[in-house]
Amino acid sequence: MQPLEVAVAPVTTLSSYESRRSHGSFGLSTAIVSLTAVAIRSARGCVFSAHDRDTALSPASYCLYMTRRSRRSVLASGTLAAIGLTGCLGDSGPNADSSSSSYDEGGGANGVTPEEMAATPDESAVETSPVPTAKSQLPVEYALESLREATVENVVPRDGIPSVDEPIFEPVADVGEGAEPRPDDPVFGVVRNGEAKAYPRSILVHHEIVNDEIGGEPIAVTYCPLTGTAMGFERGDVEFGVSGHLLNSNLVMYDRAEESYWPQMLATAIEGPLEAASLREVPVYWTTWETWVEAHPDSVVVVRDRDYVRDYENDPYRSYNPPSGYYAEDSDVLFEPLTADDRHPPKQPFRCSRPDDRPLAISLEGLREHGVYGISGDDREDDYLAAYDATLDVGHLYRVDDASGYEFDADASAVTGPDGERHDPADLPLESLSAYDAMWFAWAGFYPSTSVHE
Amino acid sequence: MSEFRSRAAATVAACRFALARRDARTLAAVVGIGYLLAYLWVTDLLTIRADAGTGWLLVDEPLARALERRGPISFEPVALLEFGYGTFLLSPIDAAIGVALSALVGLNLALATLAVVRPAACGIDAGRGGDDAGRGAATGVAAAVPALLSGTVCCAPAIALALGVQVSGALLATLPWLLPVGVVLLVGTLSYVAGKIDVDAGNEDGNTTAGAMGLEGHR
């Protein structure tokens, strides 16, 4: 049994994030600087900077990264130059604040004050809605009005990122050589009523939602690349779509039945007939292609969409294998979080859950190292146990009467209970809790009261 | 209104005059094709990749799909072509926008270059008129930039990612205007440079002058 760790992690000095923050008024000087910087960068080719070294990319991969980055850089610099020249980027934007850093200690980056959500769903609307909703409301740490105001609307048109509504699958064993993901490429796996399906991240980054049926149950498998969250929801006969809005960088879905708006990570509607109601979550495992195929050799994998065509080899935010571009742990965020918290690199992945007594975030690296992780005290009403599952390289979370007495047998990849009995980490005789992986900045933004466990 | 018509007629005449010359036509084609490839590349419709396969894929309902917006001024691709060294996503409307922009950029450069480099052949005073045309050419080149950038409006986060800045409401509000602004600037500079060309003068003594200057004659 690992010692209880609820202490706040040491504050990491992320000066690189702060020093490079300068949003707000862009003028002629900004335009000139942007274009000059691009010209210099182009002339020099691959140039390392302190920040870039932090990404731990090899020179070769860095050069590749820079090569890929340059196209967007040139364009973006020109864009901002043009905008700066016309003086369009003033203080009028909702997030404009030239004096503050996103990662200034104390948070409140978006001017949103956390408070307990008081809204309750309209029971009659819930009863008549075709959207399956949870019996109890999931925790939300902001007022709905604040969340609506903080939503960045129309980043893309509605369904401009098209959901997959008629997915095409192939058995994983039949995926042709050269067409299959690389062994370390991330895939999202779902097992329902004995049926296992895999969804490559490279496909979902272009679609974000797959309206599917797994084990006879209609399930929406969803992924937000900007927050690194893959989540599943029961959907009944309703399809979900990409609204084009973002909240705290997170995908805001809409249901195509009554058009309520559902931020994925909250899983609670912030607007529409089902406002304040929560969805029923379905576990989605973030693992790798190699690991998934080994664990579920008889499963199927989604291969493409028949309605929309995309180049699945081309990720607009760079690559997860290895993490680079937007996915690099210490890279910047694109949208100001609801609450900023610089205790960890913005994109560091955590296993996150939101039990009623307080949200919690468990470091994936820490969980791999410890095997099992007891969480108690800290004003909590219950104890919790996180268990590492080497089969899929994922974590499971349980509610437990007493978190002490559990140990991890690394050789057998099993959890030994207080009674000395061994259990599969995925199937402990305890109450299972919903949990999902998320980037740190996104989780801390939505749930600033979270405890952190490393 | 009549002034607008006469300016439009003068612009058309100047374009026809330029395109009647092999050198100007070649320049317009080279610049236009280059710009089109750049436009497709920056919009992620064209990618170069050594490990690309070969083949193609067509969506189920291409006509309906082609009219669906996926960005402020960006539309759905209907086919994916893998040609061994890369991939091409065929979005008919995006491609048409790219072709139109490329034509404008090519014409701008061809007309301006004719006006600056060979003012006598074009009926322009080598002095002030050439300087004006030079400014027009520079403006034309500058006008090509926002039009090129307009292709990126489908993905504001990607632009912000490239620069390491955050996406603001102002940025989101501005991006959709890049294409219209680019087109207006391109048309404006084209008309401006065309106004500096005396087509008749060029026609009357163009052969003689061109011959004296060692330039290529009309075709």
Side-chain angles (χ1 to χ4, degrees), chain A residues 20-24 26 34 51 69-83 86 88-96 102 152-157 159-162 178-179 226 246 249 304-311 313-314 316-318 325-326 331-336, chain B residues 41-42 44-45 47 49 51-53 57-62 64-65 68-72 74 76-80 82 86-91 142 145-146 148-175 177-178 181-182:
Chain A
R20 295 193 296 134
R21 293 266 161 242
S22 60
H23 41 88
F26 275 74
S34 296
H51 171 71
R69 179 189 171 100
S70 61
R71 164 166 46 167
R72 297 270 190 208
S73 296
V74 171
L75 289 167
S77 299
T79 303
L80 287 180
I83 293 167
T86 57
C88 293
L89 254 181
D91 293 330
S92 58
N95 301 326
S102 288
V152 182
E153 297 187 351
N154 301 316
V155 179
V156 295
D159 291 322
I161 296 173
L226 296 183
L246 292 175
S249 296
R304 67 176 175 87
D305 182 26
R306 74 181 79 198
D307 294 323
Y308 294 88
V309 64
R310 293 289 186 275
D311 181 0
E313 295 295 316
N314 188 20
Y317 306 109
R318 306 297 177 262
Y326 181 83
S331 63
D332 289 328
V333 297
L334 295 179
F335 298 85
E336 284 196 79
Chain B
W41 182 60
V42 302
D44 271 352
L45 293 174
T47 60
R49 199 167 54 237
D51 60 349
L57 185 66
L58 185 69
V59 298
D60 277 358
E61 299 178 52
R65 205 62 65 221
E68 278 187 31
R69 281 172 64 231
R70 66 168 178 163
S74 177
E76 278 293 335
V78 298
L80 172 68
E82 291 187 87
T87 60
F88 175 58
L89 279 167
L90 174 61
S91 169
V145 175
L148 186 66
L149 294 169
S150 68
T152 65
V153 299
C154 65
C155 202
I159 293 177
L161 170 66
L163 267 189
V165 299
Q166 291 190 326
V167 180
S168 69
L171 179 62
L172 288 172
T174 303
L175 290 177
W177 290 98
L178 289 176
V181 166

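Below, chain A is the first sequence line, B the second, and so on; all start at residue 1.
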**Message:** How long is the straight-line distance from CZ of A:Arg310 back to CG of B:Asp44, given to the nearest 0.5 Å?
**Reply:** 11.0 Å

**Asked** Taking only residues two or more places apart in sequence or in another chain, which ones pass side chain to side chain contact (heavy atoms under 4.5 Å, CB included) with A:Ile161?
**Response** A:Val156, A:Glu208, A:Val242

**Asked** If you round to the nearest 0.5 Å, how far is CG of B:Asp51 from CD of A:Glu313?
**Response** 6.5 Å

**Under 4.5 Å from a heavy atom of chain A, the part of B:Ala79 involved** = backbone

**Prompt:** How would you list, by chain and number, every residue that makes a side chain to side chain contact (heavy atoms under 4.5 Å, CB included) with A:Asn154, sequence neighbours excluded?
**Reply:** A:His245

**Request:** Flag the pair A:Pro162 / B:Glu76 as yes when at least one side-chain heavy-atom distance between them is below 4.5 Å, and no otherwise.
**Result:** yes

**Request:** Give the minimum heavy-atom separation between A:Pro157 and B:Arg69, together with the two atoms involved.
**Result:** CG-NH2, 3.8 Å

**Message:** Please classify the contact of B:Glu82 with chain A as side chain, backbone, both or neither, using a heavy-atom distance under 4.5 Å.
**Reply:** neither

**Complete:** Nearest heavy-atom contact between A:Val309 and B:Val78 is CG1-C, 3.9 Å

**Minimum heavy-atom distance between B:Arg70 and A:Gly160, given as atom pair plus value** = CB-O, 3.5 Å

**Asked** Checking B:Arg65 against chain A: side chain, backbone, both or neither under 4.5 Å from a heavy atom?
**Response** side chain

**Request:** Go through the atoms of B:Leu89 and report whether side chain, backbone, both or neither lie under 4.5 Å from a heavy atom of chain A.
**Result:** side chain

**Message:** Evaluate B:Thr87 against A:Asp311 for side chain to side chain donor-acceptor pair (under 3.5 Å), listing each step before the verdict.
**Reply:** CA-CA 8 Å; B:Thr87 60; A:Asp311 181 0; 2.8 Å; yes

**Message:** Taking side chain as everything from C-beta outward and backbone as N, CA, C, O, which of these in B:Glu61 sits under 4.5 Å from a heavy atom of chain A? Side chain, backbone, both or neither.
**Reply:** neither

